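Structure record follows, encoded as structure tokens.
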Amino acid sequence: MREPVVVDEPAPAVVERPRRRVGPFLLGYGTLLGLVGLMLAFGALRPGIFLSASNLRNVLEQIAILGIISFTQTIVMVVGDFDLSVGSLASLSGVLVATLLIGGTSLPVALLAAVAIGLLAGAINGVLVAYMRLSAFVATLAMMTSFAGLALFVTNGSTLFGLPEGFLWLGQGRIGPLPLPVVVLATVGIVTWAALGHTTLGRRWYAIGGNPEAVRLAGINVDLVRFSAFLASGVGASIAGVILASRLASAHPTAGTPFMLMSIAAVFLGMTLSKEAQPNIPGTAVGVLILGVLSNGLNIMQVSSYVQQILTGLIIVLAVSLSGLAQRVAR
Amino acid sequence: MPDDTPGDPEVEGSDPGLALEVRGISRAFHGVQAVEDATLEVPPGECHGLVGENGAGKSTLIKVIGGSLAPDRGTVTICGTPTTGSIPRAQAAGLAVLHQEITLIPQLDAAENIGLGHAVPTRAGLAVDWPEVRAHAQRAVDRLGLQIPLDVAVGRLSPAMQTMVAIARAVAFEARVLILDEPTASLTDQETVKLFDVVRRLREQGVAIVYVSHRLEEIFELCDRVTVMRDGRVVATDAAEALDVDRLIRAMVGRSPERMFPESQRQPGETLLSAHGLTGERVEGLDLTVRRGEVVGIAGLGGSGRSELLRLLAGAQRPRDGQLRRAGREVSFRSPRAALKEGVALVPEERRSQALVLTRSVAHNLLLSDLSRLGGWGGLVSKRREAERARGIASDLQIKVAATRQNVQELSGGNQQKVVLGRVLSREPEVLLLDEPTRGIDVGTKVEIYRLIRELADAGRGVVVVSSELPELLGLVDRVVVLHEGRVTAQMDADGADPEVVLSACYGRTR
């Protein structure tokens, strides 16, 4: 160890910090308050129905698939990119599992194949973005199109039915009081939360999102780390696709499409909960809950799905502008 | 010149003879007194130097003068108009502030940038009268005696040209008070000379100038009077002729400068890193040796290839030709990562854009190069151990932080630079390549970094330093290598080296 440098009379470092005000606090936690407010509002409008234990479990079950995709999408967005191919990849993986199972493949092999297709798709995205330096927008948009086409090609555009009983347990079964998709959701949530916040890989992901050039000069293999983020997102999307097919007891070649935009919206909503307006897992969980509560509550209120879609769009705009505001306040 | 000390007797009303009158300004942040009872008076046609270490309160005072920060106490008067706490009033009264980071619109050309904020001249109230836009800009540029290409997007101009455009913009607004905050930080020596001409011209035209710089030679070259701040207070205001560098430093740090540069043991050992015929975009056929225990200085103008040389040595840029040897073995660094594994580490030139992840904490930034020792690839990190390691480095280097989880952006420039150094040292490299290690940081921290560099050399490391401050380079290093247009024009012992000879070599002239 070196001797510490001796300086006489160090000058006091005057650090300018923004004053604590109510505005930034509201911005920082506004999204969370929004969720609570939303739940109370639906609870008041439909007393005894919305806030009942069975409905809340229902909400969790409904958000499980979106949640899994959003958690792994968070990783890609931490790195500063996004993955537009997750929706069609989820469809593709569901279609693949269904085709294999209907063809007589055993369940474990079919599930492994789904994870493998997720890894492969993530690897393609990762190579395009990290190594061939395409923008994430172009690369994942192109792959989104190709995966969607592949899913349609495999099924010839039709929905696959007749899935085995054992497979349906994945999407419809329970462990104790908890639906299995919720258990998977919680597992993916904990794994991604630990990976982002408590591992050296997570440190690398966040650092690259902040300043890739500095990270490269600090001696980190930026390309490989960025590649790994797309792998994670590929696996997340394929797991979600399997559960989706199981829950619906069928595999439709476009079933996963809505999850792409919804997952990005959830991450943006979650970014408003971070002081530095960065993607983070607890925030994403809140974002997913908001979207899920909104959808469930409006369903209970018998609001048409068209109006729901309008509201979802407005929520996305709100998310983006809020996270922009939070960022400006943090500066 | 009379010696103006703070705490003058109460003056009722303002002195109409002054262009800028700052009286009794105090401002605290979270109970920390950033500026305390500061007074500054600048008559028209005076260039007034403002110096002080980082954290002395200069930036806060400038923000108060500019109106973007309201003081707790005190008043700002510009050309007789009270403007305290209001940006529009300060601008209307004739104030222009040029910050370190020039705020121009990069896609627009110089003429349009200079004309921004003025009514757009039109023909028949409709079509933009482009000849008049240009003429308006040209008039401002002429007053500065400059040649600026008015029809090129300013984003494509050099930093120096952009500074000139920003000054021309101030002139177009008829600014009576101009504040220049570290205007030469990104300029080469030639560009600095040009800037000085412009500042002198403005002074002759009666503009009052407040000139903030860490480069004390500039202060003496340019300023009529100098105000020194320390710990938020104005500790001295005096005519520049009555001061010298030593006295200025003493006033800034509140102690005598002793020796800024530590003694060298001058016993270089075996060769740690050598380059033969190294060629990049600018650097051409360059030979260099770095030996154990020595500090090698690279002198040269901006664009001479000095930064590229370090990047080539550190694997940050692939050479087009040439050979590198590390401890006698031929090596080829494919990336900074490969160089680090061989014990060669770079502190890059631009702290904010190339070295720090500004959105993350001090701990995260400090340990970025050494994450694998916190856990495996993807391995779990113990936050407690992470904080301990970060605190260890922070106290070794005397980095002033409230907590290592504090955002690195909140630190002063000097402490940020120490974070970068701490990160590099965490890998215990044998060869350190430091590009402008003291740029834009205060004198106190500079001295600490000089000592650190010497300690590292004495402990058997080889250090290469690039610096555009010649006195610093000659004082700090053992051997100077001078680059001009990518080639070595001179090489000499720093001890007893003649600054004029080095500077001539920088311009390509060898004696």
Side-chain angles (χ1 to χ4, degrees), chain A residues 1-20 78 80 191 194-225 228-229 231-232 271 274-280 327 330-331, chain B residues 29-30 32 34 53-57 60 230-232 253-255 314 316 335-337 339-341 346 348 353-360 364 367-369 371-372 374-381 383 395-398 400 402 407 410-412 415 423 427 442 444 447-448 451-452 455 459:
Chain A
M1 222 48 214
R2 290 175 312 94
E3 283 284 305
V5 190
V6 183
V7 257
D8 21 7
E9 286 189 72
V14 176
V15 176
E16 280 184 36
R17 288 158 166 279
R19 290 177 174 193
R20 235 172 246 295
V78 160
V191 169
L196 276 170
H198 297 270
T199 67
T200 58
L201 181 58
R203 300 283 191 281
R204 291 181 171 95
W205 278 332
Y206 269 116
I208 287 176
N211 188 345
E213 175 64 4
V215 176
R216 188 179 80 91
L217 292 178
I220 286 172
N221 189 339
V222 170
D223 298 344
L224 183 62
V225 175
S228 70
L231 276 191
M271 282 161 67
S274 144
K275 197 182 106 204
E276 301 289 344
Q278 290 182 2
N280 62 97
Q327 202 159 24
R331 296 267 163 262
Chain B
F29 294 98
H30 293 283
V32 179
E53 293 190 89
N54 280 350
T60 308
R230 184 174 78 225
D231 300 345
V253 299
R255 60 181 142 94
S335 62
R337 179 181 161 78
L340 262 179
K341 277 189 183 151
L346 171 73
S353 66
Q354 298 179 326
L356 292 172
V357 184
L358 292 169
T359 46
R360 307 301 297 175
H364 193 158
L367 302 174
L368 197 57
S369 286
L371 281 172
S372 48
L374 277 182
W377 213 91
L380 286 170
V381 171
K383 288 220 164 155
S395 75
D396 275 358
L397 294 185
Q398 307 213 337
K400 287 155 205 147
N407 196 304
E410 295 173 2
L411 302 191
S412 69
N415 282 313
R423 172 205 296 168
R427 288 290 293 262
D442 58 87
V447 172
E448 286 178 54
R451 290 189 194 170
L452 175 65
E455 278 179 11

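It should be emphasised that the depicted structure is a prediction, and the values quoted were computed from it without experimental measurement. Within every chain, numbering begins at 1; the chains are lettered A, B, ... in the order of the sequence lines, protein sequences first and strands thereafter.
Residue contact with chain A, scored on non-hydrogen atoms closer than 4.5 Å, involves the backbone and the side chain of B:A316 alike. Both the backbone and the side chain of B:L368 come within less than 4.5 Å of a heavy atom of chain A.
The side-chain contact (heavy atoms from CB on, under 4.5 Å) test with B:L380 singles out one residue from A:T200, A:T199, A:L201, and that residue is A:T199.
One distance of note links OG of B:S353 with CD of A:E213; it measures 8.0 Å at 0.5 Å rounding. Rounded to the nearest 0.5 Å, atoms CG (A:D223) and OG (B:S335) are 9.5 Å apart.
A donor-acceptor pair under 3.5 Å is absent between the side-chain atoms of A:N211 and the main chain of B:L358, judged by distance alone.
For A:A218 against B:R423, the heavy-atom pair with the smallest separation is CB-NH1, 3.8 Å. Heavy atoms only, all atoms of each residue included: B:Q354 and A:L217 are closest at O-CD1, 3.6 Å. The heavy-atom pair separating B:H364 from A:A207 by the smallest distance is NE2-CB, 3.8 Å.
Defined by atom type and a distance below 3.5 Å, a donor-acceptor pair is present between the side-chain atoms of B:R360 and A:Q278.
Looking at heavy atoms from C-beta onward, A:R203 lies in side-chain contact with B:V381 at the 4.5 angstrom threshold.
Most heavy-atom pairs under 4.5 Å with chain B: of the set A:G209, A:G210, A:P212, A:G219, this distinction falls to A:G219.
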